[in-house]
Amino acid sequence: MFFLGINKYLFNSISIFEDMVLRREFYARSSKRVAIDLLGKVLVRKVGNKILRGKIVETEAYFGMEDPASRAYGGKKNLNAPMWDKEGTSFVYMVHGNWLFNVITEREGKPSAVLIRALEPVDGKGIMLKNRKKKNPNIFKDKELCSGPGKLTQALAINQSHTGLNVNKKGDIYIEDNKERFEVVRGHRIGVSKDLPEKLRFYIKGNSYISKK
DNA sequence: CATATGATGGACT
DNA sequence: GTCCATCATATGG
């Protein structure tokens with residue numbers, strides 16, 4: 001056990017943070033702030049005894065009923081009710097035949113969320129590739145595994161059933177801390193018909209695993 | 001039951 | 001860049 005830890009420390013710079021799960025308070029802030037701060041952090045997915053890990057390299061912030069691009073727009077309904085859940089709760093829903101993974105921010109009763117749009121694969125790339133090939137057999141490069149919100153849910157086998165999980169504690173899905181410095185690029189949210197004036201898409205400058213330039 | 005709607009992905013030019 | 005398959009929901013007849 002001890003030597004395993006040492007090996008990870010020596011040979012995998014990200015693994016030394018694997019026990020540092022982001023606390024619930026991390027998510028109890030504006031979705032804009034959380035979206036920026038989630039960059040560089042590591043999304044972990046456990047499937048049986050396998051572990052899949054990817055560094056978050058692209059996010060988008062969504063607000064509540066005032067945000068025309070938010071799922072909460074127009075008020076609470078069956079489909080979007082998880083938007084009103086407690087901060088640090090997962091919310092997965094389908095758009096254009098793809099499951100999209102979000103984490104609820106702010107606080108319970110105040111709808112807002114961060115969409116995870118792209119990951120840089122870290123651990124379990126072989127399984128991610130296998131999962132991706134189920135829908136698209138032509139995938140073979142690392143950069144095609146998680147470079148989009150629908151791609152990463154395919155790669156990590158995330159679907160509707162993963163709504164309502166606490167990502168702030170170790171379980172099937174959680175997010176680990178990772179101290180790493182980089183520049184953040186801002187842009188307008190992708191694929192929304194009615195966006196806000198503010199740029200609410202964020203990605204790590206120079207990272208080649210993002211969905212679009 | 002029929003049809004429209006996406007916070008998309010993939011194939012193609 | 002363009003086009004279209006995708007599929008869980010919502011909504012209307």
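Below, each value reflects all heavy atoms present in this structure, side chains not excepted, and no hydrogens, waters or symmetry copies. To find a chain, count down the sequence lines: A is the first, B the second, and so on, and within it residues start at 1.
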(message) Looking at every heavy atom in both A:Ser112 and A:Glu106, which two are closest together, and how far apart are they?
(response) OG-CG, 2.8 Å
(message) Please give me the minimum heavy-atom distance between A:Asn131 and A:Ala155, naming the atom from each residue.
(response) ND2-O, 2.8 Å
(request) State whether A:Glu58 and A:Lys212 are salt-bridged, where the test is any N-O pair (Lys NZ or Arg NE/NH1/NH2 against Asp/Glu carboxylate O) under 4.0 Å. (result) no
(message) For a quick check of understanding: with a heavy-atom distance under 4.0 Å over all strands, which category does A:Arg201 fall into, base, sugar-phosphate or nothing?
(response) nothing
(message) Show every salt bridge (charged side-chain N to carboxylate O under 4.0 Å, His left out) that has at least one partner inside residues 124-150 of chain A, sequence neighbours left out.
(response) A:Lys125-A:Asp142
(message) What's A:Asn136 touching, base or sugar-phosphate or nothing? Going by heavy atoms closer than 4.0 Å.
(response) sugar-phosphate
(message) Both A:Leu79 and A:Gly97 contact DNA chain C. Taking the nearest nucleotide for each, which residue is further toward the 5' end?
(response) A:Gly97
(request) Note every stem involving DNA chain B: at least three consecutive Watson-Crick or G-U wobble pairs, i with j then i+1 with j-1, with both distances under 3.5 Å. (result) B:1-6 with C:7-12, B:8-12 with C:1-5
(message) Testing the 3.5 Å rule here: is there a donor-acceptor pair between the side chains of A:Ser147 and A:Ser211?
(response) no
(request) Kindly give the heavy-atom pair with the smallest separation between A:Ile158 and A:Val92, and that separation in Å. (result) CG2-CG2, 3.9 Å
(request) Describe the nucleic acid contact of A:Arg71 in one word from base, sugar-phosphate, nothing, applying a heavy-atom distance below 4.0 Å. (result) base
(message) What is the first contacted nucleotide of DNA chain B and what is the last, in 5' to 3' order, if contact means an atom lying under 4.0 angstrom from a heavy atom of chain A?
(response) B:dG6 to B:dA11
(request) Please step through side chain to side chain contact (heavy atoms under 4.5 Å, CB included) for the pair A:Leu38 and A:Ile175, ending with a clear verdict. (result) CA-CA 9 Å; A:Leu38 273 178; A:Ile175 302 176; 4.0 Å; yes
(request) Give the first and the last nucleotide of DNA chain C, reading 5' to 3', that has any atom under 4.0 Å from a heavy atom of chain A. (result) C:dT6 to C:dA10
(request) Compare all side-chain heavy atoms of A:Glu176 with those of A:Leu22 and state whether any distance is below 4.5 angstrom. (result) no
(message) Whether the side chain of A:Asn178 engages the backbone of A:Gly40 through a donor-acceptor N/O pair (distance < 3.5 Å, no angle test) should be reported.
(response) yes
(request) For the pair A:Arg24 (side chain) and A:Glu87 (backbone), establish whether a donor and an acceptor sit closer than 3.5 Å, ignoring hydrogens and angles. (result) yes
(request) Spell out, as yes or no, whether a donor-acceptor pair under 3.5 Å connects the side chain of A:Asn102 to the backbone of A:Phe91. (result) yes
(request) Not counting sequence neighbours, list each pair that qualifies as a side chain to side chain donor-acceptor pair (under 3.5 Å) and has a residue in residues 62-86 of chain A. (result) A:Glu60-A:Tyr62, A:Asp67-A:Arg189
(request) Identify whether the distance between the nearest side-chain nitrogen and carboxylate oxygen of A:Lys41 and A:Glu180 falls below 4.0 Å. (result) no
(request) Between A:Ile139 and A:Ser70, name the one whose nearest nucleotide on DNA chain B is closer to the 5' end. (result) A:Ser70
(message) Among residues 102-114 of chain A, which ones have heavy-atom contacts with DNA chain B below 4.0 Å?
(response) A:Asn102
